[in-house]
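Worksheet: the structure to be examined is printed underneath.
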Amino acid sequence: MAGFRIGRGRDNNRSPQQPPQQQQSYGQQQPPPYGRPPYPPVGGPPPQQQWPQPGPGGHGEPEYFDPYGQQQPHAQQPPHGHGGGGGYNDNPGHTQVFAVGEDPYGQGATYQAGAASAAPSGPRLPWKELLRGIVTRPGQTFLQMRDYAVWGPALIVTFLYGLLAVFGLDDAREDVIKATVPKAIPIVLSAGVAFVICGLILGAVTHTLARQLGGDGSWQPTVGLSMLVMSITDAPRLLFAVFLGGDNMVVQVLGWATWVAAGALFTSLVSKSHDLPWPKALGASAIQLVALLSIIKLGTI
């Protein structure tokens with residue numbers, strides 16, 4: 001018994017220089033957490049937490065999110081709108097700063113239906129120059145008056161035209177001539193009012209069609225100027241019809257000629273007032289031209 005020594009916790013088959021080895025079973029080894037280094041030996045300095053830094057164009061945290069105050073300076077990028085291909089501010093997670101009122105994506109104006117243009121093409125024309133300009137220089141007159149209402153001249157001229165138009169129609173002319181004065185006056189006045197209402201309706205139809213075709217003009221100048229065009233263009237035929245009658249050959253030729261002139265003036269009016277090409281302008285005034293031909297011209301022709 002004296003020749004044997006019993007020791008606790010020692011392996012007699014192992015040399016003293018061989019350090020003990022830890023045995024770990026398969027599947028029990030734990031990897032270090034993401035983004036952190038392995039723990040140091042016992043008694044060493046505490047581990048320092050490291051956060052991944054986003055690379056150029058990578059998907060990391062935005063530059064304004066830095067919870068630990070370890071934000072890294074970035075290289076200076078060209079300002080917005082300079083240089084090719086999108087810079088630092090175009091990357092995901094980054095922001096772009098704009099000044100108040102700045103619109104870097106375009107300065108397009110918002111379309112407003114029925115709104116007049118920002119700057120009129122010229123001053124308002126007096127009624128004498130307006131009537132003279134429709135005959136002598138229609139294009140410039142319509143362009144200059146596209147932003148002004150002309151209700152006064154339009155209503156007065158159309159009413160006077162309606163008063164004379166009764167004498168241009170053969171049947172209505174005979175009724176007025178054969179009737180007494182108290183009976184003839186209401187007939188003539190009602191004809192003037194009827195032509196004013198007809199001009200308002202036809203002008204509104206022309207304006208509506210022009211807007212449907214892409215026009216941007218205001219309705220008041222369009223309706224007023226169309227009433228003036230309707231009255232002024234038929235005045236030569238009406239003057240001859242009062243004395244010669246509607247069946248006269250001269251009156252018929254003047255009727256067709258003034259109808260073609262009315263079509264040209266309506267096309268110019270809609271084109272200048274609504275900024276439309278002449279085919280669309282002619283299409284917008286087509287209903288008014290057909291109505292004038294069937295109601296007024298064909299009644300005498």
Side-chain angles (χ1 to χ4, degrees), residues 120-168 192 195-196 198-200 202-207 210 215 217-244 246 248 250-279 281-282 284-293 295-297 300-301:
S121 301
R124 179 192 293 272
L125 295 175
W127 68 272
K128 291 183 180 180
E129 296 183 8
L130 174 62
L131 299 180
R132 188 184 306 111
I134 292 176
V135 178
T136 58
R137 47 187 185 89
Q140 180 63 29
T141 301
F142 294 146
L143 183 61
Q144 186 171 349
M145 296 297 293
R146 60 167 294 173
D147 299 318
Y148 300 104
V150 291
W151 291 121
L155 296 176
I156 295 174
V157 172
T158 306
F159 180 75
L160 295 177
Y161 167 73
L163 298 180
L164 296 177
V166 177
F167 299 96
F195 272 83
V196 170
C198 180
L200 289 172
L202 294 178
V205 171
T206 300
H207 168 75
S218 302
W219 71 276
Q220 298 185 47
T222 303
V223 175
L225 291 173
S226 66
M227 295 172 66
L228 290 176
V229 171
M230 179 188 71
S231 304
I232 292 175
T233 53
D234 197 45
R237 181 201 66 83
L238 187 59
L239 292 177
F240 283 89
V242 169
F243 300 100
L244 301 178
N248 189 274
V250 177
V251 176
Q252 295 181 7
V253 173
L254 284 176
W256 286 106
T258 54
W259 183 75
V260 174
L265 290 180
F266 277 127
T267 303
S268 178
L269 165 63
V270 176
S271 177
K272 300 298 182 181
S273 299
H274 289 267
D275 293 329
L276 290 175
W278 73 266
L282 180 60
S285 58
I287 294 180
Q288 188 167 5
L289 287 172
V290 173
L292 293 178
L293 182 63
I295 297 173
I296 301 175
K297 308 289 185 176
T300 58
I301 298 177

Heavy-atom pair of closest approach, residues Val223 and Ser226: O-OG, 2.7 Å
For atom CH2 of Trp278, is the number of surrounding heavy atoms from other residues, nucleotides or ligands below 6.0 Å larger than 12? no
Measure the shortest side-chain to side-chain distance between Leu228 and Leu130 over non-hydrogen atoms and say whether it is less than 4.5 angstrom. yes
Euclidean distance, Phe266 CZ relative to Leu202 CG, rounded to 0.5 Å: 8.0 Å
Tyr161: what forms a ring pair (Phe, Tyr, Trp, His ring centres under 6.0 Å) with it, not counting sequence neighbours? Phe195
About how many Å separate OG1 of Thr222 and CZ of Phe142, when rounded to the nearest 0.5 Å? 10.5 Å
How about CZ on Phe159, more than 12 heavy atoms from neighbouring residues, nucleotides or ligands closer than 6.0 Å, or not? yes
Can you see which heavy atom on Ala154 is nearest to which on Gly224, and at what distance? CB-O, 3.5 Å
Spell out, as yes or no, whether a donor-acceptor pair under 3.5 Å connects the side chain of Arg237 to the backbone of Ala257. no
Measuring from Leu292:CG to Thr233:OG1, what's the distance to the nearest 0.5 Å? 7.0 Å
Which heavy-atom pair separates Gly263 from Thr267 by the least distance, and what is that distance? O-OG1, 2.8 Å
Atom CD1 in Ile134, atom CG in Leu225: separation rounded to 0.5 Å? 6.0 Å
Any side-chain to backbone donor/acceptor pair from Gln144 onto Pro123? Under 3.5 Å, distance only. yes
Supply the atom-to-atom distance Leu239 CG to Leu254 CG, rounded to the nearest 0.5 angstrom. 9.5 Å
Residues which pass ring pair (Phe, Tyr, Trp, His ring centres under 6.0 Å) with Trp127, listed by chain and number, not counting sequence neighbours: none
Please give me the minimum heavy-atom distance between Lys272 and Leu143, naming the atom from each residue. CB-N, 4.0 Å
Residue among Leu131, Leu265, Thr158 satisfying side chain to side chain contact (heavy atoms under 4.5 Å, CB included) with Ile232: Leu131
Derivation and outcome, side chain to side chain contact (heavy atoms under 4.5 Å, CB included), residues Leu125 and Val150: CA-CA 10 Å; Leu125 295 175; Val150 291; over 6 Å; no
By side-chain contact (heavy atoms from CB on, under 4.5 Å), Ala284 pairs with (sequence neighbours left out) Leu209, Ala210, Leu213, Val270
Side chains of Val157 and Met227: closer than 4.5 Å at any heavy-atom pair? no
When rounded to the nearest 0.5 angstrom, what distance separates CD in Glu129 from OG1 in Thr136? 10.0 Å
Indicate the atoms forming the closest heavy-atom contact of Pro221 with Ala149, along with that distance. CG-N, 4.3 Å
Under 3.5 Å: donor-acceptor pair, side chain of Thr258, backbone of Gly255: yes
Heavy-atom donor-acceptor pair, Ser271 side chain to Leu276 backbone, under 3.5 Å: yes
Main chain of Ala204, side chain of Trp219: is a donor-acceptor contact present, judged purely on distance under 3.5 Å? no
Strictly distance-based, threshold 3.5 Å: is any side-chain N or O of Ser268 a donor or acceptor partner for the main-chain N or O of Ala264? no
Treating Thr141 as the side-chain partner and Gly133 as the backbone partner, does any N or O pair qualify as donor plus acceptor under 3.5 Å? yes
